[in-house]
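Only one structure is covered here, and it is reproduced in the block below.
All values derive from a computational prediction rather than experimental measurement.
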Amino acid sequence: MESIIKERLLSNAEAIFGSQIEANLVQFQMTRKDVAGDLTLVLFPFVKILRTSPQEVGEKIGAFLKQEFAFIESVEVVNGFLNIIYNETFWIDRLTKIASDENFGASEPNSKPLKMVEYSSPNTNKPLHLGHLRNIFLGASVAEILKTNGHKVIKTQIINDRGIHICKSMLAWEKFSPVNEKGERETPANTGVKGDKLVGKYYVEFDKHFNTEANQIIQQWEAGEVSGYPSAILEEFRKFAAAREGKDEKAVKGLNDKIKDLAKNQTTLLREAKDMLVKWEARDPQVYLLWSTMNSWVYEGFDATYKSMGVDFDTLYYESDTFLLGKDIVIEGLQKGVFYRKDDGSVWIDLTEDGLDEKLVLRSDGTAVYMTQDIGTAVDRYKDFPDLDGIIYTVGNEQDYHFKVLFLILQKMGYAWAENCMHLSYGMVDLPSGKMKSREGTVVDADDLMAEVVAAATEMTKERGHLDGMTDQEKENLYRQIGMGGLKYYLLKVDPKKRMMYNPEESIELNGNTGPFIQYAYARIQSLLAKSDGEELNFDASKITLNPEEKEIIKQLDLLPSIIDEAAKELSPALIANYTFELVKTYNSFYQSVYILNEPAVDAKRMRLTLSKNVAKVVKLTMRLLGVEVPSRM
RNA sequence: GGCUCCGUAGCUCAGCUGUAUAGAGCACUGGAUUUCGGCUCCAGCGGUCGGGGGUUAGAAUCCCUCCGGGGUCACCA
């Protein structure tokens with residue numbers, strides 16, 4: 001509508017203003033809620049150019065528009081703004097159009113280019129936690145939004161199944177796992193422990209012994225027992241140790257941390273883990289078997305978690321498959337002169353001219369680092385999907401720098417598609433007690449958390465729900481829908497870019513800006529429609545006068561397509577959540593203020609039912625975009 | 001220290017491609033049902049938009065600076 005009005009204003013500028021005007025002078029905005037109007041034109045830009053008063057130019061434009069467009073009921077100039085009011089017919093037409101379009105809000109499927117959305121991408125050495133939950137819900141939601149917006153979408157993840165971290169778990173399991181009477185070490189099968197949890201346990205185990213060994217080394221050094229250690233390391237130790245003299249607590253701690261790093265590098269455990277990684281890259285059969293066994297445990301565990309979350313993937317990438325390609329590309333880049341080799345054999349890229357640092361892309365022992373495999377993976381994906389028009393990486397903002405470098409490297413390697421790669425960077429999830437720290441045991445486990453929210457939903461729904469006649473299975477499903485719906489909505493309603501606070505009590509709330517609040521509105525409409533007993537929904541528009549709440553609902557429904565466009569462009573499910581919350585609030589207010597089934601005037605009754613049905617339709621669609629299910633009873 | 005992100009009501013967050021008295025939820029206070037699901041609705045309380053300066057007819061929004069906080073600068077991922 002805006003563009004039509006703008007067009008007409010520009011083409012008639014000569015008549016209205018006495019001269020042509022710049023297109024960017026015509027600025028529309030939504031009319032403030034507390035002011036009458038459906039669209040507002042800002043008058044200040046004209047005032048500046050034409051040197052008249054806002055009142056004068058506003059009235060001129062207003063009179064022109066009113067005579068030009070039949071759907072404009074009236075216009076009003078207030079404080080430098082021209083508020084335009086559409087007539088009832090306009091809004092009723094909008095409602096009829098929305099009602100007749102089953103796919104209202106969605107764009108033609110596959111009408112836009114293919115996007116790949118990557119999310120989750122866990123390490124295989126420990127279970128998923130609260131941070132992954134935000135990541136996964138975000139990525140899955142963005143994929144749905146893009147799909148509904150007309151894109152072809154491939155959902156994927158890169159599984160970090162190789163690297164020093166998994167070697168640590170493997171080593172610890174080999175060294176420290178108890179052996180049972182049958183001579184077996186611990187497995188998911190013989191302990192009943194979920195696979196990812198079991199492997200995670202040994203990662204922690206490694207860290208424990210690792211620290212102990214490092215501390216012993218430090219004690220030796222402090223006591224002057226230094227035989228067998230490289231003199232260069234000892235020299236550094238003495239430097240840090242001496243520097244502690246007379247420093248404050250914080251500085252001493254920093255120095256001690258540096259000493260600890262030195263000591264860690266001298267531990268047998270770390271050396272063994274590193275040896276294991278080298279062996280793994282050389283495909284040592286024994287190491288490879290252990291690796292694939294432990295990884296399979298983890299995958300089983302992850303699959304169960306993904307199932308609880310209600311998310312899936314179209315295709316998977318494993319670093320163990322892509323890192324070699326990454327190494328090849330690094331060699332290729334070395335020949336091209338994009339990278340250079342240092343004396344110790346390590347390979348680097350110099351990004352100082354781009355305002356960044358030098359970055360390692362291959363270790364001196366020839367093994368791959370994180371960056372190496374990310375290069376390989378990206379190239380691999382474009383080989384697999386030649387019509388790919390961009391990869392969206394859902395990864396926390398602590399890796400902003402990494403992706404800046406990755407995209408830059410890909411560009412320098414000459415891949416034109418690099419400019420379509422995007423980092424969907426999201427903020428950390430904090431707890432009321434502060435940051436999650438694995439060392440302090442404050443990490444919130446994903447499985448535990450989901451079980452908790454469903455349990456809380458169960459308790460509250462038993463108390464307040466309308467469950468008569470539901471089977472136990474239906475009830476269980478409902479509890480799950482409410483608990484998971486609440487959790488997903490809670491994590492998605494905040495702007496992804498921002499750091500957010502996870503408050504366990506708030507996340508299971510049912511009132512206010514929550515998933516269950518929206519689900520309740522949906523269920524109530526379903527109940528209403530069921531009781532309407534097949535009432536026809538067509539009505540005689542001429543017999544209808546819209547009250548303010550009704551008009552407001554139509555206006556909000558009408559916004560849906562632009563909201564989805566915006567959410568797709570910004571990769572922000574939060575925009576969808578906020579939109580739906582506003583819509584539901586307006587609907588609830590309407591519900592409270594009028595009769596629907598009990599409305600005696602048949603046309604008004606049908607119109608209100610139509611309105612209700614379409615609010616439910618939009619709620620269902622938008623909640624689907626967030627991965628939130630809507631129950632018809634609760 | 002370099003780079004980077006953030007600072008809006010007691011708390012959690014919208015608004016930030018500039019524009020009319022800065023919004024919502026929670027909490028708190030007070031109301032609403034002989035009505036279709038009260039997990040509802042209505043109202044009140046509450047803010048020098050971190051401080052200062054600048055650009056502009058107009059700044060929470062753009063620029064500079066200071067203060068406070070996070071992230072990152074690994075041959076970890």
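- Checked against B:U40, B:C36, B:C16, the side chain of A:Gln592 finds its nearest nucleotide in B:U40.
- Following rounding to the nearest Å, A:Tyr522 (OH) and B:C39 (C1') show an atom-to-atom distance of 17 Å.
- Under the stacking criterion of a centre-to-centre distance below 5.5 angstrom and an interplanar angle below 30°, A:Phe44 is not stacked against the six-membered ring of B:G58.
- Within 4.0 Å (heavy atoms only), A:Gln519 reaches no atom of the nucleic acid at all.
- Using the Watson-Crick or G-U wobble rule with both distances under 3.5 Å, B:G25 pairs with B:C11.
- No more than 12 heavy atoms of other residues, nucleotides or ligands shown are found within 6.0 angstrom of CG on A:Asp343.
- A:Gln373 and A:Tyr317 form no side-chain donor-acceptor contact under 3.5 Å, judged by distance and modelled atom types alone.
- Taking atom C1' in both B:G7 and B:G52, the straight-line distance is 16 Å, to the nearest Å.
- Within 4.0 Å of A:Ile596, counting heavy atoms only, lies at least one base atom of the nucleic acid.
- Cation-pi contact between A:Arg134 and A:Tyr426: absent, since separation from the ring centre below 6.0 Å together with deviation from the ring axis within 45° is not met.
- Taking the six-membered ring for Trp and the full ring otherwise, the centers of A:Tyr587 and A:Phe590 sit less than 6.0 Å from each other.
- Taking atom C1' in both B:G18 and B:U40, one finds a spacing of 38 Å when rounded to whole Å.
- Across all strands shown, B:U61 forms no Watson-Crick or G-U wobble pair with both distances under 3.5 Å.
- Residues A:Thr461 and A:Phe590 both approach RNA chain B. Their nearest nucleotides, taken by heavy-atom distance, put A:Phe590 toward the 5′ side.
- Here the nucleotide nearest the side chain of A:Arg32, chosen from B:A20, B:C13, B:G37, is B:A20.
- Set against B:C16, B:U40, B:U19, the side chain of A:Lys498 has B:C16 as its closest nucleotide.
- Proximity of the aromatic rings of A:Tyr318 and A:Trp291 is defined here by a centroid distance below 6.0 angstrom, and this criterion is not met.
- Between A:Tyr587 atom OH and B:C41 atom C1' there is a gap of 13 Å when expressed in whole angstrom units.
- The ring of A:Tyr119 has its center no closer than 6.0 angstrom to the ring center of A:Phe137.
- Whole-Å rounding puts the A:Asp34 CG to B:A24 P distance at 10 Å.
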Cut-off 3.5 Å, no hydrogens considered: what does the side-chain donor-acceptor table look like for residues 510-518 of chain A, sequence neighbours left out?
unit_1, atom_1, unit_2, atom_2, d
A:Asn513, OD1, A:Tyr489, OH, 2.5
A:Thr514, OG1, A:Leu510, O, 3.1
A:Thr514, OG1, A:Phe517, N, 3.1

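- Within 4.0 Å (heavy atoms only), A:Ala521 reaches no atom of the nucleic acid at all.
- Between A:His402 and A:Tyr370, the angle of the ring planes stays under 30°, which puts this pair in the parallel group of the 30/60° scheme.
- Comparing B:A77, B:G37, B:A20 by their nearest atom to the side chain of A:Met634 picks out B:G37.
- A:Lys585 has no side-chain polar atom (N or O) that falls below the 4.0 Å cut-off from OP1 or OP2 of B:C41.
- Ring-plane geometry between A:Phe44 and A:Phe81 is classed as perpendicular, the angle between the planes exceeding 60 degrees on a 0 to 90 degree scale with a lower cut at 30.
- Searching all strands for a Watson-Crick or G-U wobble partner of B:G30 with both distances below 3.5 Å returns B:C42.
- Looking at heavy-atom distances under 4.0 Å, A:Asn503 makes no contact with the nucleic acid at all.
- For A:Val369, counting side-chain heavy atoms from C-beta on, the closest listed nucleotide (B:A77, B:C26, B:U19) is B:A77.
- Contact between the side-chain N/O atoms of A:Arg499 and the OP1/OP2 oxygens of B:G69 is not found at any separation under 4.0 Å.
- Note on A:Asn397: every side-chain N or O is 4.0 Å or more away from OP1 and OP2 of B:C5.
- In this structure, A:Lys264 places its NZ atom 11 Å from C1' of B:C76, rounding to the nearest Å.
- Note on A:Gly427: nothing from the nucleic acid sits closer than 4.0 angstrom, heavy atoms only.
- When distances run from any side-chain atom of A:Gln399 to the nucleotides B:A77, B:U40, B:U72, the shortest one goes to B:A77.
- With B:C39, B:G37, B:U19 as the choices, the nucleotide that has an atom nearest any side-chain atom of A:Leu528 turns out to be B:G37.
- Across all strands, A:Lys33 comes closer than 4.0 Å to no nucleic acid atom at all (heavy-atom distances).
- The residue A:Ser527 sits close to a base: some heavy atom pair falls under 4.0 Å.
- As rounded to the nearest Å, B:C16 and B:U61 have C1' atoms that lie 4 Å from one another.
- The same atom, C1', is picked in B:U21 and in B:G15; the two are 16 Å apart, to the nearest Å.
- Comparing the same atom, P, in B:G53 and in B:A14 gives a spacing of 28 Å after rounding to whole Å.
- Residue contacts for A:His165: at a heavy-atom cut-off of 4.0 Å it reaches the sugar-phosphate backbone alone, with no base atom in range.
- Rounded to a whole angstrom, the distance from the P atom of B:U8 to that of B:G51 is 10 Å.
- Shown here is A:Lys462, whose NZ atom has no more than 12 heavy atoms of other residues, nucleotides or ligands within 6.0 Å.
- In this entry the distance linking CG of A:Leu39 with P of B:U19 reads 15 Å, nearest Å.
- As judged by a 4.0 angstrom heavy-atom cut-off over every strand, A:Asn598 is placed among the base-contacting residues.
- For the C1' atom pair drawn from B:C13 and B:A27, the interatomic distance equals 15 Å after rounding to whole Å.
- Among the protein residues, A:Asp495 comes within range of the sugar-phosphate backbone only, with heavy atoms under 4.0 Å from sugar or phosphate atoms but none that close to a base.
- Using a 4.0 Å heavy-atom cutoff across all strands shown, A:Met500 reaches sugar-phosphate atoms only and no base atom.
- Counting any heavy atom pair closer than 4.0 Å across all strands shown, A:Phe581 reaches sugar-phosphate atoms only and no base atom.
- Counting non-hydrogen atoms under 4.0 angstrom, A:Asn83 reaches a base of the nucleic acid.
- At the heavy-atom level, A:Val347 lies nowhere under 4.0 Å from the strands shown.
- Separating the P atom of B:G50 from that of B:A60 is a span of 10 Å, rounded to the nearest Å.
- Distance, A:Glu398 CD to B:G71 P: 10 Å, rounded to whole Å.
- Nucleotide B:G1 has B:C73 as its partner under the Watson-Crick or G-U criteria, with both atom distances under 3.5 Å.
- A:Ser589 has a side-chain polar atom (N or O) that falls below the 4.0 Å cut-off from OP1 or OP2 of B:C42.
- For the pair A:Lys493 NZ and B:A24 P, the interatomic distance rounds to 15 Å; values are reported in whole Å.
- Sequence order on RNA chain B of the closest nucleotides to A:Leu277 and A:Val78 puts A:Val78 first from the 5' end.
- With rounding to whole Å, A:Asn123 atom CG is found 9 Å from B:C76 atom C1'.
- In terms of phosphate contacts, A:Arg524 brings a side-chain nitrogen or oxygen within less than 4.0 Å of OP1 or OP2 of B:G38.
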